[in-house]
Amino acid sequence: MPVSQTVVSKSDVRGTASGVMFMAFFGTVWADIGIGGLKGWGSIYLLILAVMIGAVLFTSGIALIKGSRNLSNNTSAYSSKNVGKWFNIVFAIEFVLIIIAAVVCNSIGHFDWFFPIMAIIVGAHFFLLAYLFQVKAYYVTGSLLCLLAIVTLLFVPLEVNLGKHQVNTWWLLIGFGSMLILWATSVVILSMGRKLLGMAQNE
């Protein structure tokens, strides 16, 4: 949401906090996909690290919500839109497309294509969220996710050998790449939320 609003409501800050927590959670999910690409190589340690980082970001979102408890419930231009309804519609469409992609990829015997295609679907849905929430950072997030998936599909071999250990390169790059993109977005949105909270407290 634009941080230039003159009136910051509780819903503005909490909407931003929700974005932080969503990015933290799904970034961790993508990390697990990347870890799966390693096929057991250092998996447990990387998983613990990913969960810890995701938890820190998620907790930061919760802190924003707690910090907004004493703010007014004034309806702003942002919150006056029926964003909840449209967010649910966008999320439902994304979910259905991901399910279809999984079924199709599995049925044609190319399930390894699924995660790159899923990254494109997730990236595309960020363009809709950018328009819905008026968050320009989401355009960057969506572009990076789509670019990562397309470059991986076109130019990266499916598997490589690291010494005697074979890894799934697509899962590795898509998983960890998407993780970094979403966590970076979470940090950006967190910064916006803290700025909004500071503006509200100084009003």
Side-chain angles (χ1 to χ4, degrees), residues 18-43 46-47 49-58 61 86-160 162 166-190:
S18 297
V20 172
M21 292 187 288
F22 266 92
M23 302 299 164
F25 174 76
F26 286 107
T28 307
V29 171
W30 279 108
D32 189 51
I33 293 170
I35 291 169
L38 290 171
K39 297 184 178 181
W41 203 17
S43 298
L46 289 173
L47 181 60
L49 179 61
V51 169
M52 289 175 61
I53 295 173
V56 169
L57 290 170
F58 194 91
W86 285 107
F87 173 79
N88 289 334
I89 291 174
V90 170
F91 190 81
I93 292 172
E94 177 194 25
F95 181 77
V96 170
L97 290 176
I98 289 173
I99 294 298
I100 292 173
V103 171
V104 171
C105 289
N106 189 58
S107 65
I108 64 176
H110 289 286
F111 190 75
D112 287 313
W113 293 359
F114 171 60
F115 290 125
I117 292 173
M118 184 170 77
I120 292 174
I121 294 171
V122 174
H125 114 285
F126 270 102
F127 294 112
L128 298 176
L129 294 185
Y131 175 78
L132 180 63
F133 293 108
Q134 293 297 295
V135 178
K136 293 181 179 179
Y138 287 164
Y139 286 115
V140 178
T141 301
S143 298
L144 290 175
L145 286 170
C146 291
L147 182 62
L148 171 66
I150 292 170
V151 169
T152 298
L153 282 171
L154 293 178
F155 302 110
V156 177
L158 175 60
E159 295 181 333
V160 297
L162 299 178
Q166 187 180 66
V167 299
N168 186 309
T169 319
W170 285 9
W171 290 26
L172 185 67
L173 291 180
I174 295 294
F176 287 129
S178 298
M179 171 201 77
L180 291 174
I181 292 168
L182 292 187
W183 281 352
T185 304
S186 181
V187 172
V188 170
I189 302 304
L190 176 62

> Any sub-3.5 Å donor-acceptor pair from Trp170's side-chain atoms to Val156's backbone N or O?
yes
> CG of Leu38 to OG1 of Thr169: how many Å apart, nearest 0.5 Å?
10.0 Å
> For a quick test of reading the model, state the closest non-hydrogen atom pair linking Met179 to Ala31 and the distance between them.
SD-CB, 3.4 Å
> Between Thr28 (side chain only) and Ala24 (backbone N and O only), is there a donor and an acceptor less than 3.5 Å apart?
yes
> How close do Phe114 and Ile98 get, counting heavy atoms only, and between which atoms?
CE1-O, 3.4 Å
> Locate the shortest heavy-atom distance separating Leu172 from Gly34; write the atom from each residue and the value.
CD1-O, 3.6 Å
> Is there a side chain to side chain contact (heavy atoms under 4.5 Å, CB included) between Tyr131 and Gln134 once you walk through the steps?
CA-CA 5 Å; Tyr131 175 78; Gln134 293 297 295; 4.2 Å; yes
> Under the side chain to side chain contact (heavy atoms under 4.5 Å, CB included) rule, what do Ile33 and Met118 come out as? Steps first, then yes or no, please.
CA-CA 12 Å; Ile33 293 170; Met118 184 170 77; 3.9 Å; yes
> Exactly one of Leu147, Thr141, Val122 should register a side chain to side chain contact (heavy atoms under 4.5 Å, CB included) with Ile181. Which one does?
Thr141
> Roughly how far, to the nearest 0.5 Å, is CD of Glu94 from CD1 of Ile99?
11.0 Å
> Take the angle between the ring planes of Phe115 and Trp30 and call it parallel below 30°, perpendicular above 60°, tilted in between.
perpendicular
> Got a sec, which residues hit side chain to side chain donor-acceptor pair (under 3.5 Å) with Trp171, two or more places apart in sequence or on another chain?
Asp112
> Enter the distance from Tyr138:OH to Thr185:OG1 here, rounded to the nearest 0.5 Å.
8.0 Å
> Quick test of your reading: applying salt bridge (charged side-chain N to carboxylate O under 4.0 Å, His left out), list the pairs with at least one residue in residues 119-147, sequence neighbours left out, ordered by first then second residue.
none
> Using a 6.0 Å cut-off, check whether atom CZ of Phe111 has over 12 heavy atoms from anything other than its own residue.
yes
> Is there a side chain to side chain contact (heavy atoms under 4.5 Å, CB included) between Phe25 and Leu57? Walk through the geometry before answering.
CA-CA 9 Å; Phe25 174 76; Leu57 290 170; over 6 Å; no
> Kindly give the heavy-atom pair with the smallest separation between Met23 and Trp183, and that separation in Å.
O-CD1, 3.8 Å
> Output yes when a side-chain donor or acceptor of Ser186 lies under 3.5 Å from a complementary backbone atom of Leu182, and no otherwise.
no
> One pair to check against side chain to side chain contact (heavy atoms under 4.5 Å, CB included): Leu158 and Asn168. What are the steps and the verdict?
CA-CA 6 Å; Leu158 175 60; Asn168 186 309; 3.7 Å; yes
> If you round to the nearest 0.5 Å, how far is CG of Leu180 from CG of Leu144?
11.0 Å
> Would you please name every residue forming a ring-ring contact (aromatic ring centres under 6.0 Å, His included) with Tyr139, sequence neighbours left out?
none
> Rounded to the nearest 0.5 Å, what's the gap from CG on Leu173 to OG1 on Thr152? Could you check?
5.0 Å
> Rounded to the nearest 0.5 Å, how far apart are CZ of Phe22 and CZ of Phe91?
6.0 Å
> Closest approach of Ser178 and Leu148, non-hydrogen atoms and distance?
N-CD2, 3.6 Å
> So, for Ile120 and Cys146, which heavy atoms are closest and what is the spacing to 0.1 Å?
O-SG, 3.7 Å
